[in-house]
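Chain A is the first sequence line, chain B the second, and so forth, proteins listed ahead of strands; every chain is numbered from 1.
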2 protein chains.
Amino acid sequence: MTDSSIYPTQEKLAKRGRTPAQARLAAILDRLNQGGSVSVTEIAEEFQVSDMTVRRDLAELEAQGLLERVHGGAVSLQHGPLTVIDDVEPLFEARRRLNSDAKSRIAEAALALVAGQQTLAFDLGTTVLAGARALAASDPAPGLRIFTNSLRVAQLTAAASIQTYVPGGLIQPGEMSVTGQGAVEDFSRYYFDTALIGASGLTPDGVFDYSPEEAAMKSVYIQRSSRRILMIDSSKFRRISTVRVADLSQISIMVSDAAPPPELAQALEEANVSILVA
Amino acid sequence: MTDSSIYPTQEKLAKRGRTPAQARLAAILDRLNQGGSVSVTEIAEEFQVSDMTVRRDLAELEAQGLLERVHGGAVSLQHGPLTVIDDVEPLFEARRRLNSDAKSRIAEAALALVAGQQTLAFDLGTTVLAGARALAASDPAPGLRIFTNSLRVAQLTAAASIQTYVPGGLIQPGEMSVTGQGAVEDFSRYYFDTALIGASGLTPDGVFDYSPEEAAMKSVYIQRSSRRILMIDSSKFRRISTVRVADLSQISIMVSDAAPPPELAQALEEANVSILVA
DNA sequence: AGAAAAATGTTTATTTTTGTTCGATTGAAA
DNA sequence: TTTCAATCGAACAAAAATAAACATTTTTCT
């Protein structure tokens, strides 16, 4: 092709791209940041190149961690349609039914991790509750002690004759959790071998949860535990929520039912978090 | 970061998923957040895809915890017809069945006595628990606050959206009660309008109970309440038990299902205890 | 100019997504 | 309750998109 120097409108947008190839890459990124996603065919037609070339472009940008490829194109890591911001917590019962299969798998895996531990802290949430259920169903060691601000967890473990401690304070009806400053102070007196933490969102930016009150208690668990296990099903990947609870680096082990998406896996690795897929 | 990305505008959505699959998923979520529900056929027609494809989309979104599927479509987790069931089975003990008729009569009578009170303390025991159940089933005033070291009571009242406080400490498995010095100290900070007290024995010598730990908490309730209601079924008359919890004179009102025997009636009268037979 | 390197195009096998059929299940009406 | 139509899911077929291997073109040097 002799007319290789066609510079349509994209030339203005992507001046740094001196070669056609660089112009394409820049335009792809630009479009992603604006619209959230691009399709292979769309780019191919616009730049009069083959689909294969566009795929190679996308592959390169993905390798640089600048986008995520999906079938048919690519989506932005920032406004990818799958990164969801939600600030309304679904009711407990609805959450419990979701992914209950994955949750029990996660529960079993986490349970294996805490075998032999003496003092466990149980956070809120359906996934952690599944862990408590599994623990209660197993034959726990006699000396085991549980600390939790979830009355649901407490009921399960206490009924299984496990020594169970709860903090004092006001009960939040939906979650059946004890929260508030008094509860935080109560548990700030203790140290735990392992904390089992739940969350409503997990991204490279950290661990997220709905309510500030619950987040405060999570912080206690995290700060006062030798080992911090995050139990989170894969639906929470790429979701952020009202409160940022913790850095990735504060988590020792992440247990989930599926491998995290690439950008999260990389961030977890950099934060030195072990990943366990149940 | 809290700008339009939470609730994307219509224009943004149109551009959002240039990848067909992404566009469908985004549109489904958007419609859910706006209208609360979508139907399979509706989406299939709008995007000119088969029903099966829409079902697969919904299945994927459900797996990500973003919606709940129902027959014919899906509903939002926020707006949907969410179940409000209490998923915790009442734990049946032999005691609860005993005199359950008498206990619920006592419960109703005691409930009438505390109407309009702001701050109630609930002791342990099946009779008091029946009172809590009756209270939860009634339509309690919004400002009502419950203090209890019985997790069974707490669970009932908290589920009924009554502000419920529990003390911190170790849980006793059988009673599901929080006891210990910490719990006593926790509740020693408060004052209560009325305490609802249970007991395992009542004689002219006083009020009796089984365990010293539980007795310590009863003392707190008694000492720090303006009015002290003893809820006790007639089978406990003339029985003594391990610990003497209180003098008769410390009780304001005794509620029972039958009149006490003569010597007890006389002692109660001398101690200035009102007697209410339900 | 000519060769090496890089980028792009083409073909083909593989994977992913979507469509279709059909028996099973569900929900509502009779 | 029983019936019946709508809906659902599993299995397989078709279509679209992708990745790999190789061919071709363009660029970048000397």
Side-chain angles (χ1 to χ4, degrees), chain A residues 1-8 10-11 14 16-29 31-32 36-64 66-76 80-82 97-102 234 258-259 261-262, chain B residues 16-29 31-32 36-64 66-75 80-83:
Chain A
M1 304 242 180
T2 56
D3 57 337
S4 62
S5 56
I6 47 164
Y7 280 98
Q10 280 70 28
E11 204 256 345
R16 346 190 308 249
R18 307 216 302 245
T19 74
Q22 285 167 336
R24 264 197 332 266
L25 295 186
I28 289 171
L29 286 181
R31 200 177 280 221
L32 272 183
S37 72
V38 294
S39 89
V40 169
T41 322
E42 169 189 305
I43 299 289
E45 280 181 7
E46 180 157 345
F47 288 89
Q48 294 292 307
V49 294
S50 71
D51 290 4
M52 194 61 229
T53 299
V54 178
R55 286 196 197 96
R56 282 191 265 246
D57 287 348
L58 295 181
E60 170 160 353
L61 292 173
E62 184 181 46
Q64 294 181 27
L66 298 172
L67 53 76
E68 188 201 344
R69 289 225 275 164
V70 296
H71 212 84
V75 296
S76 158
L82 299 182
R97 290 209 307 272
L98 283 174
N99 285 340
S100 65
D101 212 48
S234 56
Chain B
R16 193 159 159 186
R18 277 275 52 115
T19 310
Q22 305 289 328
R24 273 198 322 268
L25 296 184
I28 290 171
L29 285 180
R31 207 176 274 217
L32 275 183
S37 71
V38 294
S39 90
V40 169
T41 325
E42 172 187 308
I43 299 290
E45 281 181 6
E46 176 159 346
F47 287 88
Q48 294 290 306
V49 293
S50 72
D51 290 5
M52 194 61 223
T53 299
V54 177
R55 286 197 198 97
R56 283 191 265 243
D57 286 347
L58 295 182
E60 159 141 12
L61 291 173
E62 183 181 47
Q64 296 186 20
L66 298 172
L67 53 77
E68 180 182 354
R69 286 225 276 167
V70 296
H71 206 81
V75 296
L82 289 171
T83 47

Checklist outcome for this item: Between Gly73(B) and Ala59(A), whichever has its closest DNA chain D nucleotide further toward 5' is Gly73(B)

Checklist entry - Can you tell me how far the CD atom of Gln48(A) sits from the CD1 atom of Ile43(A), to the nearest 0.5 Å? => result 12.5 Å

Checklist entry - To the nearest angstrom, how far is Arg56(A) atom CZ from dT24(D) atom C1'? => result 12 Å

Item to check | Heavy-atom pair of closest approach, residues Ala27(A) and Phe47(A) | outcome: CB-CZ, 3.6 Å

Checklist entry - To the nearest angstrom, how far is His71(B) atom NE2 from dA24(C) atom P? => result 16 Å

Next on the checklist: I need the Leu25(A) CG to Arg56(A) CZ distance, nearest 0.5 Å.
Outcome noted: 13.0 Å

Item to check | Qualifying residue, where the test is side-chain contact (heavy atoms from CB on, under 4.5 Å) with Leu67(A) and the options are Val38(A), Val75(A), Leu58(A) | outcome: Leu58(A)

Checklist entry - For Asp57(B) and dC8(D), what is the distance between atoms CG and C1' respectively, to the nearest whole Å? => result 15 Å

Checklist outcome for this item: All heavy atoms of Ala44(B) vs all of Asp51(B), minimum pair found to be CB-OD1, 3.3 Å

Checklist entry - What is the distance from CG of Leu58(A) to C1' of dT18(D), rounded to the nearest Å? => result 12 Å

Checklist entry - Charged N to carboxylate O under 4.0 angstrom, Glu42(A) versus Arg31(A)? => result yes

Item to check | Any donor-acceptor N/O pair, Glu62(A) side chain to Glu68(A) backbone, under 3.5 Å | outcome: no

Checklist entry - Expressed in angstrom and rounded to an integer, what is the separation of Gln22(B) atom CD from dT16(C) atom P? => result 16 Å

Checklist outcome for this item: Here the distance between atom C1' of dT11(C) and atom CZ of Arg55(A), to the nearest Å, is 13 Å

Checklist entry - Taking DNA chain D as the partner, which of residues 41-53 of chain B come within under 4.0 angstrom of it by heavy atom? => result Met52(B)

Checklist outcome for this item: Per-helix bend value, the helix from dA1(C)-dT30(D) to dA30(C)-dT1(D), C1' rotation axes over five pairs per end, 10° rounding, shows 40°

Checklist entry - Does any non-hydrogen side-chain atom of Arg55(B) lie less than 4.5 Å from one of Arg69(B)? => result yes

